[in-house]
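So the structure is just underneath, and the comments pick up after that.
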Amino acid sequence: MNENLFASFITPTMMGLPIVILIIMFPTILFPSTNRLISNRLVAIQQWLIHMTSKQMMAIHNPKGQTWTLMLMSLILFIGSTNLLGLLPHSFTPTTQLSMNLGMAIPLWAGTVILGFRHKTKASLAHFLPQGTPLPLIPMLVIIETISLFIQPLALAMRLTANIAAGHLLIHLIGGATLALLSISTAPPSITFIILVLLTILEFAVALIQAYVFTLLVSLYLHDNT
């Protein structure tokens, strides 16, 4: 119980050097590629899930937007696998770091916006001023729409960070309470342990849902600009 509540969010080091790069690269080994004509069950399930997700997510895009399919599928696989690996004991979750999530959100958002201004200049500029706006409100609406545009990557990163970090903190708090109650009696720890198991199952779902939501929002930004 004396452990720092935020110790699991500290970037791990080895011999004084941060090893977050190795942790980020680790999920790539979970998705092996095979040269066999008939894959094993694990690879077949992975390919089926990737195919279904890409089919659903890219159905709204035109051919220009569908060129981002590989990037978006790589993004959802990376975030989902990183979130799931972070639920293992004594592990580190890179997606709890706002700096890393901003590093993913800002370039992707900027790419979609630049793409929109390049290929749909008039439509992109029209978003800053809705049709039929009264003349006195034009300066205020342009400022508001500009702020809302630039706040999109921040909201994207903070949503992922807050959801993953909150789940880890709850698991830490309930797990610590379970251990503390064991010295008192057996009934209260059993209740808190059941809550902990249910919360862990919920966090598995949240880890996958947040990866899907992050990628889906990037996909919607792309759809608005292509």
Side-chain angles (χ1 to χ4, degrees), residues 8-9 11-12 18-61 63-89 91-112 115 152-153 155-168 200-223 225-226:
S8 59
F9 303 129
T11 304
I19 58 173
V20 66
I21 301 298
L22 298 177
I23 297 174
I24 291 174
M25 294 174 61
F26 181 74
T28 57
I29 68 174
L30 299 178
F31 303 98
S33 58
T34 178
N35 295 324
R36 298 178 180 178
L37 182 61
I38 300 178
S39 305
N40 57 37
R41 289 183 177 87
L42 178 60
V43 176
I45 292 174
Q46 289 177 351
Q47 292 176 348
W48 177 77
L49 289 174
I50 293 172
H51 175 72
M52 293 296 295
T53 305
S54 62
K55 183 178 179 181
Q56 179 183 6
M57 190 173 296
M58 306 307 295
I60 60 175
H61 291 278
K64 188 178 297 181
Q66 290 177 358
T67 58
W68 284 51
T69 303
L70 181 60
M71 181 182 295
L72 294 180
M73 290 303 101
S74 301
L75 180 66
I76 191 172
L77 289 175
F78 170 73
I79 298 176
S81 58
T82 303
N83 291 346
L84 290 176
L85 289 174
L87 293 174
L88 297 176
S91 60
F92 173 73
T93 312
T95 47
T96 57
Q97 306 295 315
L98 182 61
S99 58
M100 175 180 167
N101 295 336
L102 283 173
M104 292 189 296
I106 291 177
L108 292 170
W109 166 82
T112 60
L115 194 65
Q152 285 178 353
L156 199 62
M158 290 188 66
R159 181 186 295 106
L160 178 60
T161 304
N163 281 283
I164 301 302
H168 285 227
T200 304
I201 296 173
L202 177 63
E203 282 305 308
F204 273 98
V206 169
L208 297 176
I209 291 172
Q210 288 304 314
Y212 180 78
V213 169
F214 189 97
T215 310
L216 180 62
L217 289 175
V218 174
S219 175
L220 292 177
Y221 297 156
L222 176 64
H223 178 260
N225 290 281
T226 54

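These figures come from a predicted structure and were not determined experimentally. All heavy atoms count here, side chains included; hydrogens, waters and symmetry mates do not.
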### Task
Working to the nearest 0.5 Å, report the span between OG1 of Thr95 and CZ of Phe214.
10.0 Å

### Results of side-chain contact (heavy atoms from CB on, under 4.5 Å) for Thr69 - residues two or more places apart only
Ser54, Met58, Gln66, Met73

### Query
Between CZ of Phe78 and OG1 of Thr82, what distance do you get to the nearest 0.5 Å?
4.0 Å

### Side-chain (Thr215) to main-chain (Tyr212) donor-acceptor, under 3.5 angstrom
no

### Task
Write down the atom of Ala207, the atom of Leu84, and the distance for their closest heavy-atom approach.
CB-CD2, 3.9 Å

### Task
Determine whether Leu108 and Leu222 make a side-chain contact, defined as any pair of heavy atoms from C-beta on separated by less than 4.5 Å.
no

### side-chain contact (heavy atoms from CB on, under 4.5 Å) assessment of Met71 paired with Val218
CA-CA 11 Å; Met71 181 182 295; Val218 174; over 6 Å; no

### Any residue meeting side-chain contact (heavy atoms from CB on, under 4.5 Å) with Glu203, in chain and number order, not counting sequence neighbours
Leu87, Ile171, Leu199, Val206

### Query
Within a strict 4.5 Å, meaning less than it, do heavy atoms of the Trp68 and His61 side chains meet?
no

### Task
Nearest 0.5 Å please: distance from the CD1 atom of Ile60 over to the CG atom of Leu220.
5.0 Å

### Query
Does the side chain of Gln210 come within less than 4.5 Å of Ile79's, by heavy atoms?
no

### Message
Between Thr112 and Trp109 (side chain of the first, backbone of the second, donor and acceptor by atom type, cut-off under 3.5 Å), is there such a pair?
### Response
yes

### Query
About how many Å separate OG1 of Thr53 and CG of Leu208, when rounded to the nearest 0.5 Å?
10.0 Å

For residues 159-166, please give each side-chain donor-acceptor pair under 3.5 Å, one per line with the distance, not counting sequence neighbours.
{"residue": "Thr161", "atom": "OG1", "partner": "Asn101", "partner atom": "ND2", "Å": "2.5"}
{"residue": "Thr161", "atom": "OG1", "partner": "Ala157", "partner atom": "O", "Å": "2.9"}
{"residue": "Asn163", "atom": "ND2", "partner": "Arg159", "partner atom": "O", "Å": "2.6"}

### Query
For the residue pair Leu156 and Ala105, what are the closest heavy atoms and their distance?
CD2-CB, 3.9 Å

